[in-house]
Amino acid sequence: MADPKGFMTNPRKDWPRRPVEERVRDWDEVYVPGALLPIITAQADRCMDCGIPFCHDACPLGNLIPEWNDLVSREDWRRAADRLHATNNFPEFTGRLCPAPCEAGCVLAINQPAVTIKNVEVAVADRAWELGFAPPRPPDRLSGRTVAVIGSGPAGLAAAQQLTRAGHTVAVYEKDDRLGGLMRYGIPEFKMEKRHLERRIEQMRAEGTKFRTSTAVGRDVGAAELRARYDAVVIATGATAWRELDVPGRELAGIQQAMEYLPLANRVCEGELAESPMSAAGKHVVIVGGGDTGADCLGTAVREGAASVTQLDIYAQPGDERDEDVEPWPTYPKIYRLSAAHEEARDLGTAPAADADARLFAASTLRFTGDRDGHVRSLHLVEVDAVRRPVEGTGRTIPADLVLLALGFSGPDRGDGLVEQLGLEMEPRGTVARDPGFGTNVPGVFAAGDAARGQSLIVWAIAEGRAVAAAVDRYLTGTSQLPAPIGPYDRPMTV
């Protein structure tokens, strides 16, 4: 702890965002370039000598947060990068995309604004790249064992990098034409520019990891054949089976899943398309679902020039402060948060029917109606109470030319035949079943990430990738020195 009084003398300062009017005209990240470094050492000084750092437990990776806060406060970037990478393969991803449960568990957050842990993390990660502190780390020798990793999202990439560095020959199979999973096509450019992803992939190539894109296991290559060719297989396909909305009018044109819409906008940013065929330009857009994916759709639609954008959240609007009786510290509380996309919608007035920003809270969709051509034109909704019962007399209709369903995911997509060809046992909720060692019912086949855990956070996906790598390494060699930060049945802290 460099400054024992830092948490008393330094107020919290977050990485400032660019002006709304400026950032909605491009797809660059929303934060002011270069504005983090001048403030971050003082922010790291706010990390107090708390005795028991609950931020460790709040983070499934077990990030050594007080250690790298202290090093950043002293501007020792090399050692800070070493401590950061000791527990996290991709801190520039989590520093931009994770909702930071570590900050909810910060001891300072009991009665003050938490340390800006997420900002410190991304500052260290970016400085590590700028100063050459993140070189490739190829193994000294090869083990002669081979591993196939199916899926190149954060869990698959973390598992592949750990296993490659342990000396195994690893090939990553990705069904899309580019690597990264949801980080590539699900996360908008304004949240994380894809150059960060490309840089890590090149690091992994230099370490020896092989990549096979446009290859759907189960369709382009048989799953059983792949298992026969490799000593072990890791299934990290994610949870991409989206949830549906079973209401009248769902069959109308113009009602799309969020993950049908977002990838097209990302392909425009990649230069693959001149314009998205589902562009929101000039349309009245309604997003059904109040989570992060819905917010990603919101920011994307605003940048595409939508006539209006409204987001429906079935839950009541949360308060601004933690409810200590319901969600006591250090659990992650459900409070009113204003993402960059919601800030944009609020300032631009994109949803006249909404409250403070683009969101309509405690709103449930009743049905859709369309025009003579079978295209959606309006959405009928009703307010609901705390147990989702309709409130009489609250029904209304809002215009809708494009409806985006952002209702979450239930498990891995079964369309490619991977599950059936391997004969995998599944959990009742639709995820891959596994034992305490991350193994499936098929010897030598392991499962990690959302495919087995269910829809979760990027920080949990990376932790799963690191943990399954240790399990595979132990299966191949009889022992392992790789870290295993979590078990397959671990869950976030709750009451």
Side-chain angles (χ1 to χ4, degrees), residues 17-31 97 99 186-191 243 245 247 254-262 264-266 276 278-320 334-366 368 376-384 394-408:
R17 295 166 179 165
R18 295 188 288 139
V20 167
E21 296 78 7
E22 171 191 321
R23 69 187 195 235
V24 297
R25 293 197 296 266
D26 60 45
W27 294 87
D28 298 340
E29 289 181 7
V30 300
Y31 296 103
L97 304 177
I187 299 298
E189 191 83 358
F190 59 82
K191 284 183 69 175
R243 294 190 177 98
L245 182 62
V247 297
I255 303 175
Q256 310 289 158
Q257 287 285 346
M259 285 309 301
E260 294 175 311
Y261 169 74
L262 289 173
L264 293 171
N266 276 310
S276 168
M278 290 185 193
S279 175
K283 298 177 182 177
H284 296 289
V285 181
V286 181
I287 302 159
V288 182
D292 288 341
T293 302
D296 293 344
C297 292
L298 172 62
T300 299
V302 167
R303 283 162 176 76
E304 289 180 336
S308 71
V309 193
T310 306
Q311 184 180 9
L312 308 185
D313 191 332
I314 200 167
Y315 294 102
Q317 181 171 341
D320 294 328
K334 185 176 178 60
I335 60 174
Y336 179 79
R337 294 180 173 87
L338 194 67
S339 72
H342 291 117
E343 180 185 49
E344 293 158 7
R346 179 199 64 188
D347 291 359
L348 297 175
T350 68
D355 300 323
D357 52 45
R359 286 172 283 191
L360 278 175
F361 290 97
S364 178
T365 304
L366 292 176
F368 302 105
V376 67
R377 292 298 177 219
S378 59
L379 181 148
H380 304 261
L381 62 88
V382 66
E383 293 181 18
V384 294
T394 62
R396 58 171 152 160
T397 302
I398 57 176
D401 305 316
L402 175 63
V403 177
L404 302 173
L405 305 181
L407 301 172

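In this chain, numbering begins with 1 at the start of the sequence shown.
Under the rule for a side chain to side chain donor-acceptor pair (under 3.5 Å), the partners of Gln256 that lie at least two apart in sequence or sit in another chain are Glu260. Looking at residues two or more places apart in sequence or on another chain, you find a salt bridge (Lys or Arg N to Asp or Glu O under 4.0 Å) between Glu343 and Arg17, Arg23. Under the salt bridge (Lys or Arg N to Asp or Glu O under 4.0 Å) criterion, Arg243 pairs with no residue, sequence neighbours left out. With sequence neighbours left out, Ser378 forms a side chain to side chain donor-acceptor pair (under 3.5 Å) with Thr369. Every residue was checked against the side chain to side chain donor-acceptor pair (under 3.5 Å) condition with Arg346, not counting sequence neighbours, and none meets it.
When every heavy atom of Ala341 is checked against every heavy atom of Ala295, the shortest pair comes out as CB-O, 3.4 Å. Listed here is the closest heavy atom pair of Ala363 and Val384: N-CG2, 4.4 Å.
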Next item on the list: Dump the intermediate steps for side chain to side chain contact (heavy atoms under 4.5 Å, CB included) on Arg18 and Asp28, then the final yes or no.
Entry: CA-CA 10 Å; Arg18 295 188 288 139; Asp28 298 340; 3.6 Å; yes
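Atoms CD and CG, from Gln311 and Leu404 in turn, are 10.0 Å apart once rounded to the nearest 0.5 Å. Taking OG from Ser308 and CG from Leu402, the interatomic distance works out to 10.5 Å, rounded to the nearest 0.5 Å.
Within a 6.0 Å radius of OH in Tyr315, other residues, nucleotides and ligands contribute 12 heavy atoms or fewer.
Of the residues Ile255, Leu379, Val376, the one that meets the side-chain contact (heavy atoms from CB on, under 4.5 Å) test with Val286 is Leu379.
At distances below 3.5 Å, not a single donor-acceptor pair connects side-chain atoms of Glu189 with backbone N or O atoms of Glu29. Judged purely by atom type and a 3.5 angstrom limit, Gln317 has no side-chain atom pairing as donor or acceptor with the backbone of Phe361.
Side-chain contact between Asp357 and Leu298 is absent, with no heavy atoms from C-beta onward closer than 4.5 Å. Under the 4.5 Å side-chain criterion, counting only non-hydrogen atoms from C-beta, Val24 is not in contact with Phe190. Residues Leu245 and Phe368 form a side-chain contact, since some pair of their non-hydrogen atoms from C-beta on lies under 4.5 Å apart. Within the 4.5 Å cutoff, the side chain of Thr365 has no heavy atoms near those of the His380 side chain.
Screening residues 285-298 for side chain to side chain donor-acceptor pair (under 3.5 Å), with sequence neighbours left out, gives Lys191-Asp296.
Ion pairing between Arg303 and Glu344 holds under the 4.0 Å rule for side-chain N and carboxylate O.
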